[in-house]
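Here is the structure we will look at, set down as structure tokens.
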Protein chains: 2
Amino acid sequence: MSKNATANVNRPLTLRDVSEASGVSEMTVSRVLRNRGDVSEATRTRVLNAAKTLGYVPNKIAGALASSRVNLVAVIVPSLSNLVFPDVLTGISEVLEDTELQPVFGVTNYKPEREEQVLYEMLSWRPSGVIIAGLEHSDAARNMLKAAGIPIVEIMDTDGEPIDANVGISHRRAGREMAKAIVQAGYRKIGFLGTKMPLDHRARKRFEGFTEALAKEGLEVADQEFYEGGSALLKGREMTESILKRSPDLDFLYYSNDMIGAGGLLYCLGNGIDVPGKVGLAGFNGVELLDGLPRQLATMDACRSEIGREAAKIIVEHAGSDNGGAKKIVLTPKLQLGDTLKR
Amino acid sequence: MSKNATANVNRPLTLRDVSEASGVSEMTVSRVLRNRGDVSEATRTRVLNAAKTLGYVPNKIAGALASSRVNLVAVIVPSLSNLVFPDVLTGISEVLEDTELQPVFGVTNYKPEREEQVLYEMLSWRPSGVIIAGLEHSDAARNMLKAAGIPIVEIMDTDGEPIDANVGISHRRAGREMAKAIVQAGYRKIGFLGTKMPLDHRARKRFEGFTEALAKEGLEVADQEFYEGGSALLKGREMTESILKRSPDLDFLYYSNDMIGAGGLLYCLGNGIDVPGKVGLAGFNGVELLDGLPRQLATMDACRSEIGREAAKIIVEHAGSDNGGAKKIVLTPKLQLGDTLKR
DNA sequence: CACGTTAGTGTTAGCGGTAAAGGGGACGCT
DNA sequence: AGCGTCCCCTTTACCGCTAACACTAACGTG
């Protein structure tokens with residue numbers, strides 16, 4: 001077994017190896033690699049060359065332990081298949097890309113116990129901040145977040161008491177506004193189609209806001225239909241068919257997301273149902289996908305990437321501090337009437 | 001300022017705090033929290049109680065440094081908006097959920113230099129394994145991966161030389177098979193619609209396989225159209241319109257992904273074009289979304305979640321080892337003729 | 001010329017855990 | 001009694017890096 005510096009493949013490289021290869025102390029190598037403190041140009045290039053030829057990759061674990069600085073931001077969302085969250089994550093990445101912070105994503109599948117677990121796991125890496133979807137968390141999760149001593153930003157939803165900072169929209173209000181627009185357009189027999197998931201608090205709040213605003217007009221939801229799992233587009237079709245068969249006198253269908261709304265739209269168009277004359281339709285989210293449909297579905301933009309960007313900005317501003325300054329940013333979703341709501 | 005154990009909010013908790021609170025050594029606390037070694041039931045509960053009341057969260061940074069064991073798996077994909085990757089990530093999560101390993105996701109936006117950067121960042125946390133999309137990487141990236149001394153699984157694509165393990169499908173073959181099916185169905189004037197992105201190597205390989213198989217039949221692609229950015233569904237519509245206006249004699253359109261294919265399908269149906277009689281259509285990926293369309297688009301399943309699952313399994317099997325055993329798993333995409341390809 | 005000052009580098013002492021080895025008491029066996 | 005064996009627990013020595021300080025040479029300054 002040769003003792004040649006490059007030959008010993010098994011032992012991972014450390015600062016010491018670079019230090020020996022370049023003839024300076026480990027400390028100097030550390031300084032060069034972090035661009036911190038004064039190092040002469042000559043030493044700097046020598047060290048960098050040595051590091052490069054050896055293929056040295058710094059060990060952030062040791063670095064983080066020594067400096068108690070971790071450049072990670074924990075980002076916790078319920079799902080990736082929802083179309084909504086990838087946009088949020090993209091917004092976050094965009095902002096963090098220009099900083100030394102790095103997002104780390106975790107997925108909870110809408111399960112509180114899974115959220116707790118993922119959160120625990122992430123906090124045990126002592127990140128510089130947490131961005132987490134929703135305001136509803138288990139007691140244990142809330143306590144962990146409070147005790148973490150880092151900026152916490154709860155996103156998506158602003159209807160509730162945040163732990164620290166908060167960026168999102170009011171889903172109650174979104175539901176109310178959609179209801180108002182629908183009633184104002186003259187629709188009266190209104191059906192609701194949504195997800196069965198009792199843990200999707202935002203969908204629930206939209207529904208609550210929706211029924212509340214209808215109630216003010218002396219109306220109530222005439223029929224409803226829920227689904228779970230599977231292709232949302234297909235479910236949208238199926239639910240639309242079954243609700244219209246059951247309640248043929250409905251004149252409006254409000255979908256809890258654009259995907260099932262799109263399915264409903266395709267169903268109606270395919271079956272010669274006059275939209276928005278006989279039946280009006282609306283969804284929620286403003287997903288890009290809708291642009292390609294034969295007719296533009298009425299919807300409400302959920303400000304997804306803006307939420308991501310604003311949340312990330314808060315983390316960046318407060319990194320190193322023990323909280324996010326309790327900043328609250330309430331964005332206003334824009335109603336897009338599209339072609340499926342009479343004007 | 002009280003010296004009360006729970007009062008000092010600022011100093012983060014350590015094993016020492018738990019040890020003092022429960023009257024045993026730090027080592028014993030560590031053993032209890034990791035479920036390792038013999039600890040009496042009495043001590044165990046005492047320690048767990050202390051930890052719980054204090055709200056202690058272990059510091060994995062210190063733990064990882066001391067044990068040189070890190071339960072993270074780096075997962076690097078080009079994009080999250082592609083619909084394909086969330087499925088892969090879900091497959092990975094599914095398998096890792098039952099283990100002590102934890103996935104960490106990174107996104108490269110199809111940029112090699114970004115990939116290099118993300119990889120460097122991730123490797124500096126000394127993960128137990130890497131799952132990375134594609135076989136094409138910069139030299140620096142390849143070297144880092146080779147030198148990392150951990151299992152590496154390159155996923156999605158099997159047309160090339162993997163660094164270590166490899167799970168995916170042959171996109172060349174997928175392209176060829178689709179071409180054969182199209183020609184066999186009697187189509188002769190074939191158009192191709194795809195992404196402009198020169199760095200999407202898998203789309204490129206499908207195209208190459210496709211033209212190659214056509215060539216064997218004495219055919220070539222009669223016209224083509226490329227896009228970039230924006231809503232894929234809408235782009236599919238637009239491209240379809242423009243290619244059919246330019247080359248009205250085309251009798252088949254092959255789309256490089258289902259989303260633009262779906263746009264094309266909607267365009268044809270909306271404009272009374274007989275599908276698959278006058279024009280046949282096919283996409284690629286087998287996305288769930290297609291189930292809800294008025295007609296089932298011909299496509300080829302890319303085995304997305306299975307790829308994720310198999311890759312994760314390899315990591316699990318080889319965690320702790322210095323490589324992934326160079327295992328190669330080539331999955332076979334299933335052709336689904338749907339309703340848009342004559343039989 | 002003695003004394004700052006500064007730039008560049010080295011030394012020391014941890015960061016918060018864990019591996020490995022080291023007790024010590026209770027128990028059983030001869 | 002003397003001894004080995006468990007079982008439980010503690011002690012010690014790091015893991016690879018960085019903060020903080022110490023040092024040195026070279027230079028300016030009054």
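Values in this document were obtained by computation on a predicted structure and should not be read as measured data. Per chain, numbering begins at 1; letters A, B, ... match sequence-line order.
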Point to revise | Distance test, side-chain N/O of A:Thr28 to OP1/OP2 of C:dG8, below 4.0 Å | key: no

**Study point:** N or O in side chain of B:Thr43 less than 4.0 angstrom from D:dC9 OP1/OP2
**Key:** yes

Check your understanding: Reading nucleotides 15-28 of chain D 5' to 3', which nucleotides get B (base under 4.0 Å from a protein heavy atom), which S (sugar-phosphate only), which -?
Key -> BBBBBB--------

[X] and [Y]: side-chain donor and acceptor closer than 3.5 Å?
X	Y	value
B:Asn49	B:Arg44	no
B:Glu121	A:Asn71	yes
A:Thr90	A:Ser93	no

Output side-chain donor-acceptor pairs under 3.5 Å for residues 98-106 of chain B, partner residues at least two apart or in another chain, one line each.
residue : atom : partner  : partner atom : Å
B:Thr99 : OG1  : B:Leu96  : O            : 2.9
B:Thr99 : OG1  : B:Leu101 : N            : 3.0

Check your understanding: CG of B:Asp38 versus P of C:dA21: gap in Å, rounded?
Key -> 17 Å

Check your understanding: If only atom types and distance count, is the side chain of A:Asn59 paired as donor or acceptor with the main-chain N or O of A:Ile61 below 3.5 Å?
Key -> yes

Review point. Looking at C:dT11, D:dC9, C:dG8, which one has an atom nearest to any side-chain atom of A:Ser25?
Key: C:dT11

Practice item. Evaluate whether atom CZ of B:Arg34 has more than 12 neighbouring non-hydrogen atoms of other residues, nucleotides or ligands under 6.0 angstrom away. Key: yes

